[in-house]
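See below for the structure under consideration.
Note on naming: letters A, B, ... go to the chains in the order of the sequence lines (proteins, then strands), and numbering restarts at 1 for each one. These numbers were taken from a predicted model, which means no experiment stands behind them.
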Amino acid sequence: MEWARLIDKVTSKSLWMMMYCTGCGAIEMPPTVTSRWDVERFGIMPMATPRQADIFLITGYLTKKTLKRVIYVYEQMPEPKYVIAHGSCPIDGGIYYDSYNTINRLDLFIPVDLYIQGCMPRAEAVMDALLKLREMVEKGEANAWQKYHENFEYYDKNQKALFGENWRAVMTL
Amino acid sequence: MINLNNFQINVWAALSLLFLPIYGTAIGLLFMGIFRRLSARIHQRYGPPLWQPYADVIKLFSKKSNFSHGWVYDLGVIMGLAGPALMLWFIPFNGLPNMAPYGDLIVILYTMVIGPLGMALAAAVGASPWGVLGVARALGMMFGYELPFMLAVLAVVAKAGTLRLTEIAAMQQSAGLWNPSNWFYALVPVAAVAGHIALQGVMGEKPFDQAIAPHEIGTGIMTEFGGKYLGMMFLFAALNLFAELALFSVLFLGGGPLWLVTLKALFLYVIASLVDITYGRFRPDQAFALLWKWPTVLALIGLMIVLFS
Amino acid sequence: MATLLIVFSLCAAAVGLLSLVQSRWSKLAAIVLGLIATGYGWLHELSTEAESISFAFFNSQVAYMWTAISRVFWPLVLFTLTFVYVALYEVRERRWIESFVALTLINALGIFLVFTSRSFLALFLGWEVMSWSGLLIVKLTATSEKPVRSYLAWSVASGVLLLAGALLMSKGTWDLSFNTVVNNLGEYDVVAMVGLALAFVAFLIKLGIPPFHLWVPTTYEGVDPMVSAYLSGAMTKAGVFGVVLLVLITGFEWFAQFGMFRNIPWVSFFIDGVIIAGAVVATIRAWSADDASVLLAYSSIAQLSYVVIALVLMKVESYTLPAAFMGAMLLSYAHTLFEVSLFIPVGWIYHQVGTKSIASLGGAGHKMPVTFMFGFVAILSAVAIPPLVGFAAKFLIYESIVEMKVYVLSALALVVGAGAFMYAFRYVYGIFWGQIKHEYKEVSPVGIVLGLFSIALTVLLGIFNTSFQQFLTLPLESFRNLLTLDFETTTSVGGWHSAYLLALFITAGLIALLVWSSGAPARWISPRNTWYAGEPPKPEWNLQVSSHFYGPFERILDPYAEKVSLEKWLQSLSSFLEKAIGDVIRNISADLNASALASMLLLVVLAIVAYVAARGGVLL
Ligand code: SF4
C-alpha cells in the first residue's frame with residue numbers, strides 16, 4: 001500500500017497530455033504550455049500520441065464523427081489514464097446543445113475525471129484543472145479509468161445507441 | 001586456451017561493470033533534465049525540476065497496462081537497451097575495470113548500432129507508418145553523419161596509430177590529466193571540429209533530429225511506444241546519450257576517470273543543447289547534404305593534415 | 001578426387017533422368033540424391049592427401065590437385081548446396097526442382113575444378129563447365145529472356161577474357177601453368193600484364209564487382225530466389241578464388257614495382273578507389289531497390305567489394321597469413337552463409353505468395369516468426385553485428401586496411417558498412433513486418449530446422465572465428481588442433497575477444513530483460529492497432545511504407561550515383577554484349593534441357609577420366 005502511494009506521488013509529478021483539438025479550446029493550449037503559463041514546471045507536457053499520454057484533454061465540442069475517434073484514442077491509451085472535459089460543450093452541449101450532430105454529454109461514452117466549466121475556459125482555468133488533477137492523482141482519487149472496466153456495458157450501450165450496433169466493426173483490426 | 005590461473009573472478013570488477021550502465025543511465029537522465037531546464041530558461045520559462053526525467057521513467061514503468069505487438073517487439077526493445085550498455089563496457093575509464101582491452105574502436109562503432117537497431121525492429125513490427133518513417137530517417141541520417149564522423153575518428157586513429165581506446169586515452173593523458181595539449185581536439189583540431197558537428201547528428205539533436213520529429217511524423221520510432229516500452233526507450237536514450245558523449249570525450253577530449261569524463265560529457269552536452277535549442281529542424285535531404293558537405297570537407301582536410309604532416 | 005567427380009556426375013545424371021518424371025517423389029529423390037553427393041563432398045573435404053589429376057593438352061598441362069587452398073574454398077560450395085537442397089524441400093514447385101538439383105551438382109563440379117586447378121587452362125575448363133551449367137540454371141526459372149541474355153553476355157565475356165588473359169600471360173605459348181605465368185609476370189612483360197588485367201576483370205565479372213556488376217541484379221531479378229541463393233552463395237566464390245589466385249601470383253611486391261605512394265602501390269590505390277566508389281553506389285542502389293532479389297544482389301555486390309579491397313591491399317611479408325587474407329576468407333564464408341540465408345526466406349515467401357516485390361510484401365513475420373529469425377540473424381551478420389560471423393570477418397578487413405594506413409579508405413569502408421543498415425532494415429521491414437497484407441493471411445511457417453541450423457552456424461562461426469583462422473593456417477591433420485578455445489583476435493592495431501563479447505552481450509540482454517519485466521505485463525495487440533491521428537485504420541488502407549522508403553536520401557544521392565556508376569555507359573556495353581553474343585548462342589541453347597546436359601557432361605567427364613586413366617596419370 002505504501003509503495004502504491006509512493007508511485008502515485010511520483011506519477012502525479014509527471015503527467016503527459018494528449019490534446020484533442022478540433023473544438024474551439026485548442027486556442028487556449030499555446031499559452032498554457034509555452035512561456036506564459038508553462039505547465040512543464042509541473043511536469044505536465046503535451047505528447048504526440050495516445051500511447052505516450054496520461055491525460056486526455058478534450059477541448060471542446062464533439063460530433064458524432066469525432067467522438068468515434070475520441071473513443072478509439074481513449075482505448076489506445078495505457079492505464080491509468082485521465083480525461084479532462086474542457087469547456088461547456090463536452091459537459092452539456094454548450095451553445096451547440098440543439099445541433100443535429102453534436103454530442104451533448106461526453107461522460108455517457110467515456111468516464112471523465114474533471115470538468116472545466118466555461119465557454120471557453122481561459123488558460124488559468126486549464127492550469128487550475130491540471131493542478132487539481134495532479135492533487136487527485138497524488139491522493140489516488142483519479143480513478144475514472146477503472147469505471148470504464150466496471151461499467152463497460154453502460155458505456156457500450158450508449159456508444160451503440162449512438163453509432164449503431166456494429167460500429168466497432170471498423171475497429172476490428 | 002583458457003588459463004584458469006588467469007581467470008581471476010574479481011567480484012569488485014564484475015560489480016563495477018554492472019554499476020556502469022546504471023550510472024550511465026542515471027547521468028543520461030540527469031542530462032535530459034538539464035536540457036529541459038536549459039531550454040525552458042532560453043524560452044523564458046521556469047522549466048521542470050532537474051529530476052523530472054526520473055519521475056517520467058518511474059511513471060512509465062508503473063503504468064498498469066502495456067501494449068505490445070508480439071514477442072519480436074519485446075525482443076527489439078530489450079535488444080535496444082542492451083546495445084548501449086554493451087557499448088559502454090568497452091569505453092575505458094581510468095581506475096575502473098573495463099572491457100576495453102577486449103574490443104577496440106571497431107567493436108565500439110558496431111556495438112553502438114545494436115541499440116538503435118533493436119528499437120528500429122520494435123518500431124517495424126507494428127503497422128504504424130510513422131515509426132518506420134522515423135527509422136528510415138534515422139538510418140538515412142546515420143549514413144549521412146557517419147562519413148564526417150568516421151573521417152574524424154580515422155584522423156585520430158591516424159595520429160595515434162592504433163584502434164585501441166585504452167592507448168588512445170593514455171596518449172592524450174601523457175601530458176597530465178588536466179593538460180589539454182595532448183588531447184586530440186588540440187592535435188587534430190580541424191577533424192575534431194568536423195567530428196563535433198557530426199556528433200550533433202550522432203546524438204540526433206537539432207538540426208539533425210529528423211528521426212523523432214514530433215510535429216511531422218508522430219514521434220518517429222516512439223509513436224507506438226507507451227508505458228514501460230516508452231520507459232525502455234527513455235532509458236535507452238539516456239544510456240546511449242551518455243555512452244556517445246563518453247566515447248567522444250575519450251576520443252577527442254582526453255578521457256580520464258569516470259567523474260572527469262562525466263564532466264566533459266556534460267560540457268559537450270550543454271554545447272549540443274544550446275545548438276539544439278537555437279536551431280530549427282532541417283529537412284532530411286538538407287541535413288544529409290549539409291553533413292556530406294561541410295563537415296566532410298573539414299574532416300578530409302583534417303585527415304590530410306594528419307597524413308601529410 | 002576422381003571419385004568425387006564420378007559421384008557428382010553420377011548423381012547429377014541420375015537426378016537429370018528423374019527430371020523426366022516430375023512428381024512429388026522424384027522431387028524428394030532428387031533432393032536426397034543431391035544431399036548424398038553433397039555429403040560425399042563433405043567427406044572429401046576431410047581428406048588431406050594431395051590427390052591430383054593431370055593430362056596434357058597440346059603443350060599445356062591440365063592439372064587438378066586437391067590442395068590446402070581448395071580445401072579452404074570447397075566448403076563454401078558445400079554449405080550452399082546443403083542449405084539450398086534442404087530449403088527446396090519446402091518449395092511446392094514441381095517443374096524445375098530435379099533439373100535444378102542436377103544442374104547445381106554439375107555447376108558445383110565446375111566450381112570444384114576451378115578450386116583445384118593448377119594451371120590456367122584447367123581453371124578455364126572448370127570455369128566453362130560452371131558458366132554454361134549456370135546459364136541453364138538461370139534459364140530454368142527465368143521469367144523472361146532478359147536475365148538469361150544478361151547472364152549469358154557477361155559470362156561469355158568473362159570466359160573469353162579469362163582465356164585471352166591466360167593466353168597473354170603465357171605469352172602465347174599455351175604453357176598455362178601457374179609457374180610459367182609467375183615467371184612471365186616477374187619479368188614485367190607488357191603482354192603478360194595486359195593478360196593479368198583481363199583475367200582480373202574476368203574474375204571481377206563473376207564476383208559482380210562494380211563496374212562489372214550489371215548482370216547480377218538483372219539476373220537475380222528475373223530468376224527464382226532459390227537460384228539466386230545458389231548463384232550468390234557458390235558461384236561468386238569462384239570469382240573470389242580467382243582474385244585470391246591472382247593476388248597470390250602477383251602480390252604486393254609485384255604491384256610495388258609500378259610505384260608507391262606512402263608505402264601503398266598506386267595500383268592498389270586505383271583498384272580500391274574504383275571498387276569502394278562502386279560499393280557506395282551499390283549500397284545506394286540496394287536500399288532503393290523494389291525487388292527483394294535486387295536488393296540482395298546489390299547487398300552481395302557491396303559485401304564482396306570488401307573482399308577484393310582487402311585482398312588487393314594484402315601484404316604477404318612472412319609465412320604467417322595476413323589479416324586481410326583471413327578477413328577475406330572469413331567474409332567469403334560469412335557471405336555464403338548470410339546471402340543463402342537471406343535468399344531462402346525470400347524464396348519460401350515467393351513460392352507461397354507469388355511475388356518478391358517489396359512493395360507488395362510485408363507482414364510475413366507475423367505468420368512465420370522462425371523464418372523471420374532465420375533472415376534476421378543473417379542480416380545482422382551481414383551488417384556485422386558482433387559477435388556474429390559477419391562481424392568477425394569485417395573486423396579483420398577493417399583492421400587490415402587500418403594496418404596498411406589507408407585511412408580514407410577505411411573511413412569509406414565504415415560508411416559503406418553504415419549504409420548496409422539501410423538495406424538491412426528494408427529487408428527486415430519490407431518483407432517480414434508491418435501490417436499483414438490480406439492476400440497473405442494464408443502464409444504458413446516453414447523451415448524451422450534449417451533456420452535454427454543457420455542461426456547456430458552464424459553465431460558459432462562468429463564465436464569460434466579464431467578456430468576458423470586456425471583452419472586457414474594449420475594443415476588439417478586432426479580436428480583437435482582445429483578447435484581452439486582462445487577467442488582473442490589480435491592485430492597490430494587492435495583486437496577483440498569473441499567469447500567475452502558474447503558473454504557481455506548476454507549480460508546486457510539479461511539486464512535489459514530484468515528492467516523490461518519490472519513493468520506490468522503487456523497485452524498483445526494486433527499490428528494494425530496503431531495511432532493514426534485518431535482514425536482506426538480501415539482494412540483497405542495500406543499502412544506499409546513500401547516504395548521510396550528512403551525518399552529524401554534517394555532524391556539527393558541518385559543523381560550522383562548515376563554519374564559515378566557510369567550506368568549509361570555500362571548499359572550500352574551490356575546491350576552491345578547481349579547483341580553480339582546473345583543472339584548467336586541463344587538459338588543453340590534453346591533446346592538443351594537439364595537431363596540432356598547431365599548425360600552429356602557425364603560422358604565428357606567419363607571420357608576425361610578414361611583418357612587420364614589410359615595415360616596412367618591417375619593418382620587417386
Ligand atoms: S465550450 Fe464554447 S469555446 Fe468550447 S468548444 Fe464549446 S462553444 Fe467552443
Chain B heavy atoms under 4.5 Å from C:Val402: which part of the residue, side chain, backbone, both or neither? side chain
Of the listed B:Gly103, B:Ala85, B:Ser62, the one with the largest count of heavy-atom pairs under 4.5 Å with chain C is B:Gly103
Which atoms of C:Val428 are under 4.5 Å from chain B, going by heavy atoms: the side chain, the backbone, both sets, or neither? side chain
Non-hydrogen atoms of chain B under 4.5 Å away: do they reach the side chain of C:Ile556, the backbone, both or neither? side chain
Side chain, backbone, both or neither: which part of B:Leu147 has a non-hydrogen atom closer than 4.5 Å to chain C? both
Side chain, backbone, both or neither: which part of B:Met304 has a non-hydrogen atom closer than 4.5 Å to chain C? side chain
Under 4.5 Å from any heavy atom of chain B, what part of C:Pro521 do you find: side chain, backbone, both or neither? backbone
What's the verdict on side chain to side chain contact (heavy atoms under 4.5 Å, CB included) for C:Phe553 and C:Arg555, showing C-alpha distance, side-chain angles and the deciding distance? CA-CA 5 Å; C:Phe553 309 107; C:Arg555 268 201 299 284; over 6 Å; no
What part of B:Val132 gets within 4.5 angstrom of chain C, counting heavy atoms only: side chain, backbone, both, or neither? both
What about the rings of B:Tyr23 and B:Phe19, do their centers lie closer together than 6.0 Å? yes
Could you tell me which portion of C:Ile511 (side chain, backbone, both or neither) has an atom closer than 4.5 angstrom to a non-hydrogen atom of chain B? side chain
For the side chain of B:Glu224 and the backbone of C:Trp531, is there at least one donor-acceptor N/O pair under 3.5 Å apart? yes
Chain C contact via B:Phe308 - side chain, backbone, both or neither, heavy atoms under 4.5 Å: both
Please look at C:Phe421 and chain B and tell me whether the side chain, the backbone, both or neither of the residue comes under 4.5 angstrom of a heavy atom of that chain. both
Heavy-atom contact with chain C under 4.5 Å, split by part of B:Phe236: neither
Sort B:Leu109 into side chain, backbone, both or neither according to what part of it lies under 4.5 angstrom from a heavy atom of chain C. side chain
B:Leu235, part contacting chain C, at a heavy-atom distance under 4.5 Å: side chain
The reported gap from CG in C:Leu414 to CD1 in B:Ile106 (rounded to nearest 0.5 angstrom) is 5.0 Å
Segment of C:Ser492 engaging chain B (4.5 angstrom heavy-atom cut-off): backbone
Where on B:Leu165 is there a heavy atom nearer than 4.5 Å to chain C: the side chain, the backbone, both, or neither? neither
Tell me, side chain or backbone of C:Leu510 under 4.5 Å from chain B's heavy atoms, or both, or neither? neither
What option among C:Phe505, C:Trp524, C:Phe395, C:Phe425 has the most heavy-atom pairs under 4.5 Å with chain B? C:Trp524
Region of B:Trp292 that comes under 4.5 Å of a non-hydrogen atom in chain C: side chain
Check: C:Tyr306 side chain, C:Lys394 main-chain N or O, donor-acceptor pair, under 3.5 Å: no
Chain B contact via C:Phe432 - which portion, at a heavy-atom distance below 4.5 Å: neither
What I want to check is whether the side chains of B:Glu167 and B:Thr162 have a donor and an acceptor closer together than 3.5 Å. yes
Side chain / backbone / both / neither for B:Leu117 at chain C, heavy atoms under 4.5 Å: side chain
